[in-house]
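Worksheet for the structure shown next.
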There are 2 protein chains.
Amino acid sequence: MAELLLKERTAKPREKARTAGKGAREVRELLPLGQIIPGDCIEAMRSLPTASVDLVFADPPYNLQLGGDLARPDGSHVDAVTDAWDKFDSFAAYDAFTRAWLAEARRVLKPTGSLWVIGSYHNIFRVGAILQDMGFWVLNDIVWRKANPMPNFKGTRFTNAHETLIWASTGEKAKYTFNYRAMKTLNDELQMRSDWVLPICSGQERLKKGGAKVHPTQKPEALLYRVMLATSNKGDVILDPFFGTGTTGAVAKRLGRQWIGCEREAAYREAALERIELALPLDESAITTMQSPRSAPKVAFGTLVETGWIAPGAQLSDRKRRFAATVRADGSLACGAESGSIHGLGAKLQGAPSCNGWSFWHVEHEGAFKPLDDLRQLYLLATEP
Amino acid sequence: MAELLLKERTAKPREKARTAGKGAREVRELLPLGQIIPGDCIEAMRSLPTASVDLVFADPPYNLQLGGDLARPDGSHVDAVTDAWDKFDSFAAYDAFTRAWLAEARRVLKPTGSLWVIGSYHNIFRVGAILQDMGFWVLNDIVWRKANPMPNFKGTRFTNAHETLIWASTGEKAKYTFNYRAMKTLNDELQMRSDWVLPICSGQERLKKGGAKVHPTQKPEALLYRVMLATSNKGDVILDPFFGTGTTGAVAKRLGRQWIGCEREAAYREAALERIELALPLDESAITTMQSPRSAPKVAFGTLVETGWIAPGAQLSDRKRRFAATVRADGSLACGAESGSIHGLGAKLQGAPSCNGWSFWHVEHEGAFKPLDDLRQLYLLATEP
DNA sequence: TTTGCAAGTGAATCCCTAT
DNA sequence: TATAGGGATTCACTTGCAA
């Protein structure tokens, strides 16, 4: 494997040449969106234009270096990762492979894009050091704490109960996407931390064929869901160089993102395409994430009233319908003797120092009870140039 | 600092020469137990004998951005870090520093010793890759999940709520200490996992002088407590090359371990000595931990037969009574034409590569159907001095 | 229909001592 | 150093069948 991967490629012309001078829309039209490029990921990425991708999510081989067989205390056999794609001759060979695919990922990423890599202690230190050396700027290391890890059967070490993800921008000064509000909302109004507790992929979600798992290391969709919600926007292009059975593609489709995969194994590609075909995109309003105030285009509540999205006299409530208020023509709210802006009145009623009225107040809209922010997003979508 | 740290030292004679041929007791007498060696840790470690220490706990600096604190491997000064090249330069300097202190730690460690390093995403990937390159064998990466981390005030990233520790043995085949039972006991009879939830160091535990923190990154004693309880034994020698205000020393004293520190800053040394002076050693019985059966006194099955706990001719079965065997006078079992030890026959009958006869075979005893292991425990209780 | 028990399984660097 | 053999070792969750 490594021989093929590591041979010198600098002699070949870069795609950069073909895309130089092209506009963003033209570049995007060159992308194989919703497709899995067959073959080795480094070659596959070379076929993509420079600076064309918003997010790279990579789940490379971990180089586990497993010994012999392992049995559980009850004598049953542990089904280990023995696939050829996880075998490397040495750390040096693994490092060279890592540098090669990271270099292509870096070229393909937009300057405002970011990179995720997942790994374990077998490989993650090497990956992290190499990407730092290449100029990537680590933003966070994220710990996926597995709710249900495999135990250490022989009692020789601590239960290996987590994996590590590195999130990095393209450089120290680079801008990047981080949907702070969406994460805070997802985390029950507390800042999302660097440790995420999620179950491993099992049950119905786990792809099986003839009773056997299709891929030995399928990742849970919840993990990708959080990654994409946090660090990409609707419509963004997400590249997964180690596509496997397509968790990245399935979640991208659900969340209204575009995806591109690279995968060598035909069996994985087939399973992935079939799976993604079945994935259902979420409803528009469900995808819409809370925007941080800084990046959200400003929309005054009054504008929604002015433009008829919300009629004066409409009734608003909080999610649990403990409070109710009436919309007035100037965009202020009234509740009994109290009145104020959506934020001010929300705070006053709750006795809180402040309140985000966009998420606090809900309204009936097309038969559903939605936060005002959903309407604001719909308004923005409808009025976008 | 770095100028001193990184200059070539191979010309100086190693302590190895002075300790070659000495016995373990003589080597130990050369150790400055319960002392803090002043000065740069690499020089300090050079004064210690080879293969004399059971555990190294290191909390190295990770101020990669502070060029002024570091020098290039050739000793030249690194200017302010502004662009990618300087960044690389500063990484290279940090790497050289890391290799230098890890090399001394490796020399000083006994082959059966192990190493802990704590860090964050700024430095831990580099430390991990380097120690792997040096032949250390990573046993676990441990996530210290902070119960009360500092929030991310700017809302630009995930709350950095953890730090990472690497635990490594001196080599792939090296033996090492892991007190599995003690950890399981500490964790309410569940295997201790690789993610530890512990509060940060604050309140009474935090050393202060005139209201200000004495040390910016004082580690909680609970962290060291778990590290030492898990991977060292009573009386072991524990070295901390970045001693700071002496958390390692204080916990070592409490747990009946010997300690050696290295620290450059006189203010830290003073605070540490004062603090350790006040630390109270736990009494003998409190330090005693749950032992693995592996290190418990062994009982041969034949002994139970000899002493009449199980009579020759007794019938044994597995829990589901699929197999039956007869106990013979020499402590072997017979089942039809097959015979062997309790382990060997159990494996043979099941067609398994191995079998723990103590848990596999059951016997009627005082009206109940019990695994042999229960009888062994009763025997041990009855015969204990 | 619900509850309970048994069986299966997941990115795993998984034993130690005597001969 | 390689081999043989004693003997120590698991958590959370899912599925399927039995009661």
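The figures that follow rest on heavy atoms only: side chains count, while hydrogens, waters and symmetry mates do not.
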**Prompt:** Is A:Ser120 touching bases, backbone alone, or none of the nucleic acid, heavy atoms closer than 4.0 Å?
**Reply:** nothing
**Complete:** For D:dG7, the nucleotide meeting Watson-Crick or G-U wobble distances (both under 3.5 Å) is none
**Asked** From D:dT14, C:dA12, C:dT13, pick the nucleotide closest to the side chain of A:Val78?
**Response** C:dA12
**Message:** Tell me which nucleotide, if any, is Watson-Crick or G-U wobble paired with D:dG16 when both distances must be under 3.5 Å.
**Reply:** C:dC5
**Item:** Nearest-Å distance once atom P is located in both C:dC14 and D:dG7
**Value:** 23 Å
**Residues touching DNA chain D, which here means a heavy atom under 4.0 Å, drawn from residues 143-165 of chain A** = A:Ala147, A:Asn148, A:Pro149, A:Pro151, A:Asn152, A:Phe153, A:Lys154
**Request:** Take atom CD of A:Gln204 as the centre, draw a 6.0 Å sphere, and report whether it contains more than 12 heavy atoms from other residues, nucleotides or ligands.
**Result:** no
**Asked** When only distance counts, do a donor and an acceptor, one from the side chain of A:Lys213 and one from the base of C:dA11, lie under 3.5 Å apart?
**Response** no
**Message:** Which nucleotide wins on minimum distance to the side chain of B:Trp358, given the candidates D:dC11, D:dG7, C:dG10?
**Reply:** D:dG7
**Request:** Starting from P on C:dT13, measure out to CG on B:Leu131 and report it in whole angstrom.
**Result:** 16 Å
**Message:** Whole angstroms only, please: what is the NZ-C1' distance between B:Lys173 and C:dT13?
**Reply:** 10 Å
**Prompt:** Between C:dA12, C:dG10, D:dT9, which nucleotide has the shortest distance from any of its atoms to the side chain of A:Leu70?
**Reply:** C:dA12
**Request:** Using atom CG of B:Asn187 as one end and atom C1' of D:dC11 as the other, report the distance to the nearest whole Å.
**Result:** 11 Å
**Message:** By the 4.0 Å heavy-atom rule, please label B:Arg376 as base, sugar-phosphate, or nothing.
**Reply:** sugar-phosphate
**Prompt:** If you look at every strand shown and take non-hydrogen atoms under 4.0 Å, does A:Gly244 touch a base, only sugar-phosphate, or nothing?
**Reply:** nothing
**Request:** Using atom CG of A:Leu198 as one end and atom C1' of D:dA12 as the other, report the distance to the nearest whole Å.
**Result:** 15 Å
**Asked** Touch check for A:Asn63, heavy atoms < 4.0 angstrom, all strands: base, sugar-phosphate only, or nothing?
**Response** nothing
**Request:** Name the nucleic acid region contacted by B:Lys184, choosing base, sugar-phosphate or nothing; use a 4.0 angstrom heavy-atom cut-off, strictly under.
**Result:** sugar-phosphate
**Message:** Could you check whether B:Lys370 pairs with B:Glu364 (Lys NZ or Arg NE/NH1/NH2 to Asp/Glu carboxylate O, under 4.0 Å)?
**Reply:** no
**Asked** Using the purine O4'-C1'-N9-C4 or pyrimidine O4'-C1'-N1-C2 torsion, is D:dT9 syn (within 90° of 0) or anti?
**Response** anti
**Request:** Test for a donor-acceptor pair under 3.5 Å between the base of C:dG10 and the side chain of A:Arg72, counting only N and O atoms.
**Result:** yes
**Prompt:** Whole Å only: how far is the CG atom of B:Asp373 from the P atom of D:dG6?
**Reply:** 17 Å
**Item:** Who pairs with C:dA11 - Watson-Crick or G-U, where each distance is under 3.5 Å
**Value:** none
**Request:** Name the nucleic acid region contacted by A:Cys201, choosing base, sugar-phosphate or nothing; use a 4.0 angstrom heavy-atom cut-off, strictly under.
**Result:** nothing
**B:Ile342 CD1 - D:dG6 C1' separation (whole Å)** = 9 Å
**Complete:** Closest non-hydrogen contact found for A:His122 with A:Phe91 is O-CE2, 4.2 Å
